[in-house]
Amino acid sequence: MVLRRVSRPLWSRNSRLLEQVARPSCIYWRSIGTATAEEVKTETASSLLTTPSIAESPALEAFKIMSGLILCRQPIVTPELTPFEKAYYNYQSELRKRLMWTFPKWFYYPEGTLAERQFSAVQPVVDGKDRDEFEKPDILFNRDRRSKQEIVFPERDVERETEESAKIYAKIEPRSRTTEADQKNDVRSLERKLDRTLYLLVKKDRRANEWKFPAAEVLNGETLTAAAERLLLTTGGPNMNTWLVSNTPAAYHHYPYNPEDKEPYMGAKVFFLKSRIFAGTFVPQRGSGVIDYAWLTKDEIPDYVHKGYWASMANALSKH
Amino acid sequence: MATRPYLRPRGGNTYLCSFHYQQHYAIHTSSPVSKNSISIVHPVHHRIRYKKNQLQPAYKDILNTPKWDPRSHLFKPQYTQQSRVEEHYNTTVAPDLLLANFVHNEAVIPGRKRQEWDGSSPYHINRPRRSPAGSAVETPDIKPRMFNNVPGLNAIWVHAFVREAVRVNQERTLPTMVMMQQITGKKPRPVYSKSTVMSWRLRKNMMVGAKVKIQGPDMYQFFATLVEIVLPRIKDFKGIENTSGDMFGNISFGLEPADVKLFPEVEGNPELWPNLAGFHITLVTSAQTDPEARTMLSALGLPFVGRERLHNVPSFEALEAIDRKRGIVYSY
C-alpha cells in the first residue's frame, strides 16, 4: 500500500512548513474516478496552509518522503536496581520470611526416616531463651513465632551421588552483567549495556547533523516497509537477523532543505519504522554514505543529535 | 421522658436494635386534635446491620489498620524481588504492542446490547429491554487501540476438578489443593458441586475440586515456570491451540496429571504426590479480542499453533472507504 497524497497537514498547526502541492500531471496525484478528483481539488484548496512564497514559486516540488529505521537491540538482562529498589526488595523479602508459615517438616521428612533424623540434627536449637522475664514462650513445631524461621539443609552425601544428582546440585555461576565492551566503552558493540535497549545511529558525511537514525528515500512504487528493508541491506549488510515490529511508523520528523543546496524538494518527511535486531552485526556498506555507526542507549543519543530531531524521536524510544 | 420505643435494645439478639437510624428525624405535624401523637422518624439511608461486639475498643486498632500496613494481620508482601517477566513486558513488549496493534481509522465496534422497545405501543414505557440480537448476553464494545489499553496479563486462574473426589472420597481433593498451593504460592479455595446427578454419583455441595487466582509477581513467576520449564518438557507439545479463547481476550488450556509432575515443586519430591489431578489454566488478559491476547502472550514466550482466527478486526475495505471520503486514495 502506498500513501499517494494527503489532503490535510500531518503536522501541528503551529508549523510554518508548507503542505504538499497537488500536481495533476504527476503520477503521484492520479486519483481513481472524476468525482474523487473534484473532491480532492476542493479539499486541497480549503486546507492548504499557503504562504506568498509558494504562490510565487510553483516550480518547487513536494517533500521527499523517506523511510527511517529505529533498529534496536532489546535488553539482555534485567534492569539495574536503584539503591531504593534494592532496599525496598530487601525489606519486603525479610518481612515475607518473618510472616511465612512454619516449614512443614513432617510433610517433607516423614517421622522415623533417616532423612528426618539427619535434617533435625542440623537445625538450630529453638528454645526461646532470649525472651523477656515474664513473656510466654511462643514456640510451635520447633519454630519461634516471634521471628523468621531459620532452616538449615543437611550437607549432601557426596559418596552416594550420581551424575544426575551432581548436575542438579551443581552451583550455577552467573556471568557478569558488565562485559568487555562496557569496560572499553565500545559504542560499536552490541554487547554493551546489557540491561538497556540500544538504538542504532549512523554518521553521514555532512557538515552538520551528522549523526542520525538511518533513513532512505521511498522510491516510486515502493512501500515504507520495503524501503526500510532495502535501507537495512544497503547500509548494514545481510548479516543481521532482524524483525520489523509493525508497518505503523513509530516516529515522524520533517525538516526543510536549504534553498542554497538547490535540492529538487522543499524538504523531507521521514517516517520511522521500528525494527529489532536479534543476531548479527551492523557492517557499514560501501556506497551507503555511512562513515561511522554507534549502538546507543536513550540517555546517550541527545549528545549526538540536535534538539529538534530529538524532540521528534524521544517519545518513540523505550525508557529502558 | 419516655424512651423512644424504636431505640430500645431488643434482648436475645446480637444486633443492637437491628436498624439504626440517623439522627435526623421529623416530628409528626398534624392537627392539634391528636394530642398524643407519635414522632415519625424517617430513615434517610438504607438500613445497615452490624455486630456491635465487633466494634469494641480491643478490636479498634486491628480493624482500622489497612491491608498494606505490615502491622495488619492481612498484610502479604507482594514485591519481594525484581519480576523478570514483568520488566520485560514493560520495557519491550508493551511499546511494541502499541505499534503492532494500531489500526488506522479505527472506530468503535459495537457489541451486542439489549434492545430497546421502539415505542409503537404505549406498553413499551418502562418495559425491560429485550435480550441482545444474536446473543444470549451482552457483549462489550471493541474500542480503538490506544496507549491506555495495551493488552497485558492481569490474572491467572488455576482450577482443578478431582474425579476421585466424586467416586471415592471427598478428601481426595486435599493433595491437589496442597500441590496447587505449592506451585502457585497461594492457598486455593475448594470448589463444591452445584447440582445432583445420580448416574455420576454426584450430590450437591460435595467438595469436588479447587481453584486459585494469582496476580502480580506470583502470577508472572508461575507464568515463567510454565513457559520455560513445564510446557517445553511436555511430550509432543507444539503450542496452545489458536481456537482457545472466550472471544474477549481470555485464553484457557489444561494440563494432564503427567504434565503437572514437571513442576519443580512436584518433581523434586515425587514420592509425596502419588495421586495428582490435572488442572485448567485460564490466562485473564486486558486484551479486547483473542488475537490480541495471543499476540501479547506469544511475546512473553507462550507458543500457539493452528490456523489463526481473526475476529472483530475492521476490514481493510471499510478502512479504505473512510479515507476515500476524505479524498485520500490508495493505489497498489
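Remember, it's a predicted structure, so these values are computed and weren't measured experimentally. Here is the naming used below: chain letters follow the sequence lines, and residue numbers restart at 1 for every chain.
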Inset, instruction - For residues B:Thr92 and A:Pro75, report the shortest heavy-atom separation together with the two atoms involved. - result: OG1-CD, 3.7 Å

Legend entry - Heavy-atom closest contact (B:Phe75 atom, A:Gln92 atom, distance): CZ-OE1, 3.9 Å

Please classify the contact of [X] with chain A as side chain, backbone, both or neither, using a heavy-atom distance under 4.5 Å.
X	value
B:Val103	neither
B:Glu271	neither
B:Asn269	side chain

Legend entry - Between B:Trp273 and A:Phe107, ring centroids under 6.0 Å: yes

How about [X]: does its [atom1] atom have over 12 heavy atoms from other parts shown lying under 6.0 Å from it?
X	atom1	result
A:Arg146	CZ	yes
A:Arg177	CZ	yes
A:Phe278	CZ	yes
A:Glu111	CD	no
A:Lys298	NZ	yes
A:Asn241	CG	yes
B:Lys76	NZ	yes
A:Tyr108	OH	yes

What part of [X] is in contact with chain B, defined as an atom under 4.5 angstrom from a non-hydrogen atom: side chain, backbone, both or neither?
X	value
A:Leu99	side chain
A:Pro249	backbone
A:Thr197	neither
A:Arg98	neither

Does any part of the side chain of [Y], heavy atoms only, come nearer than 4.5 Å to the side chain of [X], both counted from C-beta?
X	Y	answer
A:Glu85	B:Tyr79	no
B:Pro70	A:Tyr91	yes
A:Lys274	B:Asp96	yes

Legend entry - Side-chain (A:Ser246) to main-chain (B:Leu99) donor-acceptor, under 3.5 angstrom: yes

Inset, instruction - Measure the spacing between CG of A:Asn90 and CD of B:Gln81 and express it to the nearest 0.5 Å. - result: 12.0 Å

Inset, instruction - Find the distance between OG1 (B:Thr91) and CD (A:Gln74) and round it off to the nearest 0.5 Å. - result: 8.0 Å

Inset, instruction - Identify which of B:His88, B:His104, B:Gln82 forms the greatest number of heavy-atom pairs closer than 4.5 Å to chain A. - result: B:Gln82

